[in-house]
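As the structure is a computational prediction, the values presented were derived from the model and not from experiment.
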Amino acid sequence: MSAVRTGQEHTTGENTMHTSENATANAVEHIVDELAALLGPSLPQLVDVAADLHAHPEIRFTEVHAAERLTAELEAAGFAVTRGFAGLETAFVGRWSTPDAEDSTPTIAVFCEYDALEGIGHACGHNVIAAAGLGAGLLLKAALEAAPGTPARIVVIGSPGEEGAAGKVPMIDAGVLDGIDLAIMVHPSAHNSVDGTTLSRVALDVEFTGRASHAAASPELGVNALDAATLSLTAIGLLRQQLTDDVRVHAIVTDGGQAPNIIPEHAALRVFVRAGDRGRLLDDVVPRVRACFEGAALATGTQVLIEERTPPYFSLKSNPVLADLARVAYERLGREVETAPITGSTDMGNVSHVVPSIHPMVRLIPDGVPHTREFAAAAGGPEAEPAIADGAVMLAATALAVFREPALAEQARRAFAAG
């Protein structure tokens, strides 16, 4: 009898759970409709922001024009903006709260990125990220003011130097996530997804030092640093056979010598090492790659210096509670959500190890590959507008659902703690 009673209680609990989930999904759908109606007047402004940033591409930590445009938009909308956060000139934090916000009120951060890539501009679509993140902040404020009574704290964070410099890490170290309950952002891609992960990444700057000599008259007197660089790359190529499928090692030669008739006394490489698991990357893969450089130096008689000049990127931990909210929002917007492939690396991964976070992808162009000229063209073309619009609404709907049902924030925290 007790077994039957337990089963009845279990069934009732399941029904209650499903009813709650359905109610939340319905609420998110209504929020999406509400926000989509509010978006219209501000969408041309957001598209103009994206086009402006696209026309003025700026690489890591030089995003002066982008930071000025975004902070001006936030201040005009009533956000209190702090510029130069963590000593980074182009970082900023914009804050806005409802008058009835209390200590227990959820605080949600929306991240904006806006740096471009060397040579090919906004080929990762960070101008779209910035416009969608700005749009989410403006939409949330508009919705909360249009229907007072929901306490909320919104923080729009401008994080520079995502491409190659992990700009979010010094901001985290300086306390940008203090008091933040949840963090969200959106990234353009070839697909729509809400719960993908990324690879952890370490950047190595490697310098070999040898001795110069005349390459024709006295080559035997030289110590060839370029030989050491070449040998190390060969060693890495052979190492790949013993690496798991998630590991990536890729490099460029940043200095290969000055002239063919001089034995190169200096050579340099910049190397990215990636893996799905942060611990395995740091404890196993990186030491094996470093050994390739050290062995090449020993074999060629050169000296080697290996430095990590930027912080590691951590793999992304997508929060399932927030991802479910984003999924409902995307589906309401008519975007089919796909299984997310493992992508590159992002310092949003570092954020996701501190607070519950999501980093959904929004389709910019089908089959589009970031870091290509085709993707850069799409980020500045008509394809950008629907990505900005739907990205902004999805982010805002996710946040507004939490503000209106604060228990979701606690659910997200529990899922985060569970790992």
Side-chain angles (χ1 to χ4, degrees), residues 117-118 123-124 162-166 168-169 187 189-191 193 195-208 224-256 267-300 302-318 338-353 359 361 367-372 375 419:
L117 289 157
E118 294 93 334
C124 204
E162 189 277 337
E163 293 288 355
K168 292 182 183 63
V169 175
H187 197 298
S189 180
H191 57 273
S193 64
D195 58 357
T197 187
T198 60
L199 299 173
S200 293
R201 195 210 78 183
V202 167
L204 301 176
D205 287 288
V206 183
E207 296 186 52
F208 293 99
N224 196 317
L226 183 58
D227 281 355
T230 303
L231 186 58
S232 67
L233 293 177
T234 301
I236 289 169
L238 295 172
L239 175 64
R240 287 192 176 98
Q241 183 182 1
Q242 278 70 53
L243 298 176
T244 55
D245 289 345
D246 62 306
V247 175
R248 302 287 185 271
V249 186
H250 36 113
I252 60 170
V253 177
T254 57
D255 182 9
L269 303 168
R270 184 160 176 79
V271 185
F272 287 173
V273 188
R274 309 182 198 245
D277 180 79
R278 175 182 64 170
R280 186 162 54 86
L281 173 70
L282 299 178
D283 298 337
D284 178 49
V285 180
V286 169
R288 294 167 74 183
V289 172
R290 292 176 70 101
C292 293
F293 305 124
E294 293 161 352
L298 179 64
T300 57
T302 57
Q303 301 297 313
V304 65
L305 175 65
I306 308 170
E307 293 184 303
E308 295 182 31
R309 297 174 183 167
T310 57
Y313 289 63
F314 296 159
S315 53
L316 181 72
K317 295 170 57 178
S318 292
E338 305 168 42
T339 300
I342 295 178
T343 58
S345 306
T346 173
D347 54 9
M348 190 66 182
N350 300 62
V351 173
S352 74
H353 284 256
H359 181 277
M361 298 291 184
D367 303 318
V369 179
H371 294 210
T372 62
F375 205 85

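- Closest non-hydrogen pair, R201 versus L281, comes out as N-CD2, 3.6 Å.
- Of the inter-residue distances, the one linking T346 atom OG1 with E163 atom CD reads 8.5 Å to the nearest 0.5 angstrom.
- Between S315 and H353 the shortest side-chain heavy-atom distance falls below 4.5 Å.
- Residue pairs satisfying the side-chain hydrogen bond (donor to acceptor under 3.5 Å, both in side chains) criterion with at least one member in residues 271-280, sequence neighbours excluded, are listed as follows: T244-R280, D246-R280, H250-R274, R274-S345.
- Here the shortest heavy-atom pairing between Y313 and E162 reads OH-O, 2.6 Å.
- A 4.5 Å side-chain heavy-atom check between R309 and D205 finds at least one atom pair inside the cut-off.
- In this structure, C292 and S232 approach most closely via the heavy-atom pair O-CB, 3.8 Å.
- No side-chain heavy atom of V273 sits less than 4.5 Å from a side-chain heavy atom of R290.
- With a 4.5 Å cut-off on side-chain heavy atoms, F208 and L269 count as touching.
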Test log, rule side-chain contact (heavy atoms from CB on, under 4.5 Å), inputs V351 and K168: CA-CA 8 Å; V351 173; K168 292 182 183 63; 3.7 Å; yes

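- Taking OG1 from T197 and CG from D195, the interatomic distance works out to 10.0 Å, rounded to the nearest 0.5 Å.
- With rounding to the nearest 0.5 angstrom, the CZ atom of F375 is 10.5 Å from the CG atom of L117.
- Taking 4.5 Å as the limit, every side-chain heavy atom of M348 sits out of range of all side-chain heavy atoms of T198.
- Atom-to-atom distance recorded for N350:CG and L316:CG is 10.0 Å, nearest 0.5 angstrom.
- Residues S352 and G349 share a closest heavy-atom pair of OG-O, 2.7 Å.
- Put simply, CZ on R270 and OG1 on T254 are 9.0 Å apart, with the number rounded to the nearest 0.5 Å.
- Every residue was checked against the ring-ring contact (aromatic ring centres under 6.0 Å, His included) condition with H371, not counting sequence neighbours, and none meets it.
- Across all their heavy atoms, L231 and A299 have their closest contact at CD2-CB, 3.7 Å.
- With a 4.5 Å cut-off on side-chain heavy atoms, V202 and V289 do not count as touching.
- By the 4.5 Å heavy-atom criterion applied to side chains, L233 and V253 are counted as neighbours.
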Full working for side-chain contact (heavy atoms from CB on, under 4.5 Å) between V249 and L243: CA-CA 10 Å; V249 186; L243 298 176; 4.2 Å; yes

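- In this pair, H187 and H359 present their aromatic rings tilted. The plane angle is within the 30 to 60° band.
- In this structure, A228 and T302 approach most closely via the heavy-atom pair CB-OG1, 3.5 Å.
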